[in-house]
Structures are given as C-alpha cells and as structure tokens.
Amino acid sequence: MKNFLNISRVCRIWSFFGLFLLLIAACKKDKTDIMKEPLKVTDYFPNSGNQGTLVTIQGTGFGSNTAEVTAAFSGTTADIISVTPNEIVVRSPKNGSTGDIVLKVSGEQAVVGKYTYQELSVQSISPANGSAGAHIQITGAGFGSITGPAQVFINGKQALVVSASDNQLVAEVPEAAGTGPVTVKVNGKEASGQTFKFQSITSIKPLTGGKGTKVRINGSGFEEVTTGNYVDFNGKQAVVLEAANDHLIVAAPDGVATGPLSVSINNQKTSGPVFTVVPVPVIQTVSPLSGPAGAVMTIAGTTFSPLKEENKVSINGRDVSVTSATSTVITLILPGGTGSGKIVLSVNDQVVQGPDFKDQNLGIAKLSPDNGLTGTEVTITGSGFSSNPASNVVTFNGVAAVVKSASENTLVVTAPQGLSTGLVKVVNGSQTAISPTNFNRAGVITLAGGPGNNDISVSRFGGGLVVDKQGNVYLQEIDNNRIKKITPDGVVSLFAGSPSSQAGNQNGQGSAALFSFSSSSGMAMDPDGNLFVSDYGNQSVRKVTPQGVVSTFAVNLGNFTGKITIDQEGNIYVQKSFLGVWKIDKNGVKTSLAQGTSVKEDSQPAVAGSDFYWVDYEGILLSRQNIATGVNIRGWAGGNFGYQDGIGTRAMFAGLRGIVYDGNGNLYLSDYGNNAIRKVNIATQEVTTVFKSERGYKNGSLAEAQMNFIADVTIDKDGSVYILDLNNNAIRKVFLK
C-alpha cells in the first residue's frame, strides 16, 4: 500500500512538471510571436556604384543575427557587413550585374530595389534633413563631367548646385522640395542616395496666446517621437506634447515673448511664423447674469480672439458653444440646465473667471440708459418679469424705484431720489436678478447761466475755468475783464475785477482790481486755493488769493501771454504761441519750455506728474514734453482731423480747447469740433469718448444731454467735470461717478 502511494505521488509530481514545461514553451512561443516584426524595407542607398560599394538597407524585422540574413544583387550573393533590427549594410558583389537587390531574413524575402553598376554613385548626404535654403553635402563618386555640370534633384525637384567636385557636391534645398531621395544626374546617368527629410512649417494655430497656450504646428518632416523635435518660442524651449510627421502640438513655455516659433531636428532649424504674446483675457461685463434657455449671453472685455473656436466658455463647469466673437465681445445662447455657478472663459488656454450665473427665468440683459440722474426714465430689458408693475421690486443700489410699466421682457422705471452709482436689482417672487453693469449716477446739469440768463457772460472765445476744494467754480469773463465765483448751489457773485467791465492794470481787493483779458487768457489754482491768471493785455500773471486780493506775480511775458496751468510744486506754465512755454517758479523766475513748438495758446494745457501736455497749433494733436529732460513728442495722441477713438495717433480730434488732469492717470479733453469730452489713459495712450452730444441745450443722462460748442474744462475732487458751453452761455456740470 505504501509503495502504491509513493508511485502515485511521483506520478503527480511528473505530471505537474510536464505541465510546467508546456507553460514555459507556450510563454516562449507567445513572447516570440509578440516580439517578431514583419520584414519591411523602407529605404536603401546608394542605388548605384562600382563593385564593393557599401549599400545601406533600412526597414524593420531584420533581427540581429547575421547568419539568418542573405542578400543578392541580380542573383549574385553579396557579403553581409552588419545587421541591426532596422538596418543592414551589404557590399555589392564582384562580377555582379545591374538588377534588383533581394533580401532574405529568416526565410522571409523582400525586393529592396534596383542597383545599377556604374561609376556614378550617391553614397551619403549631410545633413539628411533641413528646410528650404539649407545647404546639403552629397558625397559619392563619378560627379565630374566634361559635357555638362552635375544636376541634383531632391524628391524630383531640381536644386541649385553651389559647388562641385568629382566626389562631392553641395546643393541648396529648393522651396517646397518635399521629402524624397537625393538624385544626381551626370552624362546621362542617374544615381539616388538616401531620402532627404524636408522640414517646413506651413502654419501655427493659434497665432496669439501666452504661457501654457497649446499651439499646433503644421508642416512636414517632423520626427514622430516627441523628443526628436526641439521647439522654441523666440529662443525659449517649449514642451512637445504630441508629434507626427505633419504636425506637432506644443505648450508655450514660461517667459514666452513675442517672436518667431522654430523647430530644430538633428540641429537643423526651421523658422515659422511669429507667435504674439497677448495678456490674459479680461471679462468686464456679462449680460445677463441670470436667465432661461435660449437667452443670448454677451461677454464684453479685452483680449478675446476674433476666431470663435479659440474662445471656450463654461457655466458651472458645462461647456457652452460660442456663437460669435470679436476681440472685445463674445456671444452665446444659453442652453439651459447648466445649473448656477461660475462663468469661465479660456482664450487659447489662457483662463479667466467671470461672475456667477443663475440658471433661472428671471434675468436683466440691459439698462437703457445705463446712466442718469434722479428722475431719469430707465428701460430694463430682460426676461421673467411680471406684467403686473406692482409685482416687480426694483432698486438702484438699494434705493427703491417706481415701476411705471411692465411686461414679461421690459420694465420702465424712474431713477429714484437719493440715487447713487451701483447695481440695479429686480425681484419677482422668489427669484432675484441683478444688472450686468452698474447704473451710474452720471449726467449733465447747468450749474450757472443758460440761454437767456445774464448771471454770467461766456465769451464765444471761452475763458478760464477752475474749481476749488469746496466745489466753488471760478469763471474768467474775458470780454468783461473780471472773475465770477459760482457756489456749488449755483449762486453767482463778482470775485475780482471791474463791475463795469473796465480794463486796466491795477492790484487791489476784489472789484478794486483791474485786468485786461483776451481770448488767450486763462486761470489755474494752486493747492492752497490761490488763483493765477494770465493777463494777456498786461503781459503778466496776476495772483488772486482766496479772499480776492489781487497782486502781480510775474511780468514781461511778451505779446503772447496765453492759457496757463500749474503743477503740484507751484510752478506755473504759461503758453506763448510759437515761442513755446514759460515755466515760472514760486519766486517768479522764468525759464523756457517746449521751445520751437507750435503751441495753441488759447487752448488750456495741463501738467501730469513730470510731463507737460499742450494742444498743437492746428488743434488736432495732443503733444507731451518731459519737464525734467526736455524730451518732447509732438502728436503724442491724435492724428488726422476727425472723430475716432483709439491708441495714440490712431485717435482723431476736431479742435481741442482744453485739457485737465484728474490726478488718477487720466486726461480729460474738450473736443470743440466734435462737441465731446474725450478721455486719455496716460499709461496706455488710449483715447475714449466720455460723451458726445448733439448741438443744443438739454440736461439729463449722458445719452440725452445736449451742448453747443464746448471750450475750457476743469474737474473737481469728486471727479465731476465742468465745461464752458459757449453758445448756451452756460457752465455745465457733468457727473461721472
């Protein structure tokens, strides 16, 4: 019994061992099947030469065992020099004849191609890749000829031969050569060498972006392994994310700067188009911030792509298709069902987050107008309103407004008493919607004067206009040789000068003083509230204290004593037409500024920081000079006569009459010819229009108000602008905040 058990145990052991051997054999077989590649020839070179020429055959499935490889030239066996899985080198045999090269590897057979026995042979090219215009060196034999020069073709396209000898040619890669063999023709004979890989960049997309932007490079001759391609953006190396023969996808690197994109392969560089670095996009407004499916959403801002496919928008993490795009406006149709959440915009992989969106019926798309004063009638356009006016609760920055009429998509309301700048909110039942932008307490009122009013006398030439820290406005009545004071409530009184408009040159208190003004006279105020007045007729600058005491500050300024301004240090600048500008310090010492420039002396200048700004003589150019260095730029902003917003010289004016600095990096200009107030951002030189009115006389919102030829301009500490409205004989106050 015991022996039987032992025999049984032994049988089981041998059975297990046999099974183990079978598994090993199966694994080896599977491994062999997986590792083996089919025999395939992709290239060979040269395709001609004398006996003994080394021929390189490239492809796959070659293995590495020389004993398993044979080659024959038109039936004559050749020596195998070396074997790798992808390349075999053979020697053309003695006594061989022109015909096909046949390759056998481990029983598999492939026809390599024709080999011609002749003197002419292309043995190597260097480099084997490059772009149009690159020079390649071709090494071989039989290039010399007495009947005509050797000709070189790359992929069938003739190349310019730069230099030639019997064993070496140098040729220039032609435009759009494409990838293909290098062929040499001499004395009616032809020989081809290895394939030249033609590199080109036909396009990149996108052309703009910044760090992290994924750029597709289209072209030819790229390596299909990512590490074989070196890509740089204006010298900064980028990461290659994807590679194929006809395209690469790369990510713009840290520190990317505007400049050409280039691809280098085997140290051969191909330059492509310029990649322009642009700032991250900015979302300024989104309208509406809530609404139902089918509503049109508008996203306004800067640095968007005009190609809609380069702008990606998501709401609460759900992608929404863009229907149209410009560099400043993107539109899309709300799909509904997004849920409530953050609006995110990606422009060429540069991402910015916008406001939250509510997925609901109630929404505000637009306010018209979006600015005004108490009593302004405002139309609110949107969706989900109640047609019962009383069911809609509307507030302006928290202050309740009266709803005059209502429909599902429109509310008409009156801007309430106590109005201040802020968001408009509509509540209907359990839903709340807010406006896409603030409703700005902005508009125009008449502070003093007006048609038929004789409290002030505004000359058709203008006159000086300043405002003090308390909001009192001072008007230079140039035809009457006097200065009027207007309180914030519009009360007008004589501040200095003759009650009877008498001209003269006399210092004294208030009405005892005499001036001799002209159309070029102007005023400026220092931080202490002292007025400095350019007195054209007396060729001087007069000083008037806050108490109305008049004295003479500077004399002998010449026949062109024009408009005036002052800096924070108390230096005064007086324009003198074609003679430039006088700079007068606190002690009355004069120096010249902006010499040799054509200054329009009857248009008021301004100082911002260390720069002096003035209107060129034609009235269409805003010029600038650094006070410390004396470097000036004639036509810093403005170009041709006309009306156009834009950057620097792309903007157009039609007769500038006044400049004032707001202390926050902006200049405000009165554009007489366009009946408009223009704003210039000093840092960017961007010119925009604050408002542009029809000619007439009307108070109201910036869209409704009318003026009739505006001249001198000033600004108070709250940012409100005051304007001389010439043909309406009025001082108009423009609320902007």
Side-chain angles (χ1 to χ4, degrees), residues 40-60 62 71-74 76 78 81-82 86-93 96-103 110-132 134-145 147-200 220-221 245 266 268:
K40 182 180 179 181
V41 174
T42 58
D43 197 10
Y44 75 105
F45 52 88
N47 72 343
S48 67
N50 293 321
Q51 59 185 14
T53 299
L54 295 179
V55 177
T56 300
I57 304 169
Q58 295 177 336
T60 58
F62 297 162
F73 285 56
S74 192
T76 303
I81 306 303
S82 64
N86 300 108
E87 188 172 277
I88 296 172
V89 179
V90 301
R91 190 189 309 278
S92 61
S97 60
T98 297
D100 287 336
I101 303 172
V102 177
L103 179 69
V111 176
V112 175
K114 185 178 180 180
Y115 182 85
T116 302
Y117 276 84
Q118 61 180 13
E119 177 70 20
L120 181 62
S121 176
V122 175
Q123 295 168 2
S124 67
I125 62 172
S126 179
N129 65 287
S131 57
H135 285 185
I136 61 171
Q137 183 174 288
I138 306 164
T139 303
F143 297 156
S145 172
T147 60
Q151 293 179 303
V152 175
F153 298 84
I154 299 176
N155 192 35
K157 193 164 188 178
Q158 188 166 3
L160 174 67
V161 176
V162 177
S163 67
S165 68
D166 190 52
N167 299 312
Q168 190 177 87
L169 300 172
V170 176
E172 184 174 296
V173 179
E175 291 288 339
T179 295
V182 175
T183 302
V184 176
K185 294 181 180 180
V186 181
N187 297 332
K189 296 178 181 179
E190 180 177 313
S192 293
Q194 71 193 92
T195 296
F196 176 80
K197 201 168 188 179
F198 181 74
Q199 293 171 216
S200 69
S220 64
N245 178 67
N266 297 327
Q268 299 303 305

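Residue numbers start at 1 and run along the sequence shown.
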*At what distance, to the nearest 0.5 angstrom, does CG of Asn155 lie from NZ of Lys197?*
13.5 Å
_Given 3.5 Å as the limit, does a donor-acceptor pair link the side chain of Lys157 with the main chain of Glu175, or not?_
yes
*Show your working on side-chain contact (heavy atoms from CB on, under 4.5 Å) between Val161 and Gln151 and close with a plain yes or no.*
CA-CA 7 Å; Val161 176; Gln151 293 179 303; 5.9 Å; no
*Can you find a pair of side-chain heavy atoms, one from Phe45 and one from Ile125, that are under 4.5 Å apart?*
no
*Do we see a donor-acceptor contact under 3.5 Å between the side chains of Thr116 and Thr98?*
no
*Judged by atom type as modelled, is there a donor-acceptor pair below 3.5 Å linking the side chain of Thr195 to the main-chain atoms of Gly180?*
no
*Between Val182 and Val152, does a side-chain contact (heavy atoms from CB on, under 4.5 Å) hold up when you go through it step by step?*
CA-CA 7 Å; Val182 175; Val152 175; 4.2 Å; yes
*Would you check if there is a donor-acceptor pair between the side chains of Asn86 and Gln58 at a distance under 3.5 Å?*
no
*For Phe198, does its backbone N or O pair with a side-chain atom of Thr179 as donor and acceptor, under 3.5 Å?*
yes
*Taking the side chain as every heavy atom from C-beta outward, state whether Thr53 and Pro46 have any pair of such atoms under 4.5 Å apart.*
yes
*Side-chain H-bond candidate by donor/acceptor type, Gln199 with Asn129, under 3.5 Å*: yes
*So, does Ser48 use its side chain to make a donor-acceptor pair with the main chain of Leu120 at under 3.5 Å?*
yes
_Check this for me: Lys114, atom NZ, are more than 12 non-hydrogen atoms of other residues, nucleotides or ligands nearer than 6.0 Å?_
no
*Close side-chain approach of Ile154 to Ile136, heavy-atom, < 4.5 Å*: yes
*Flag, side chain of Tyr115 to backbone of Gly49, donor-acceptor distance under 3.5 Å*: yes
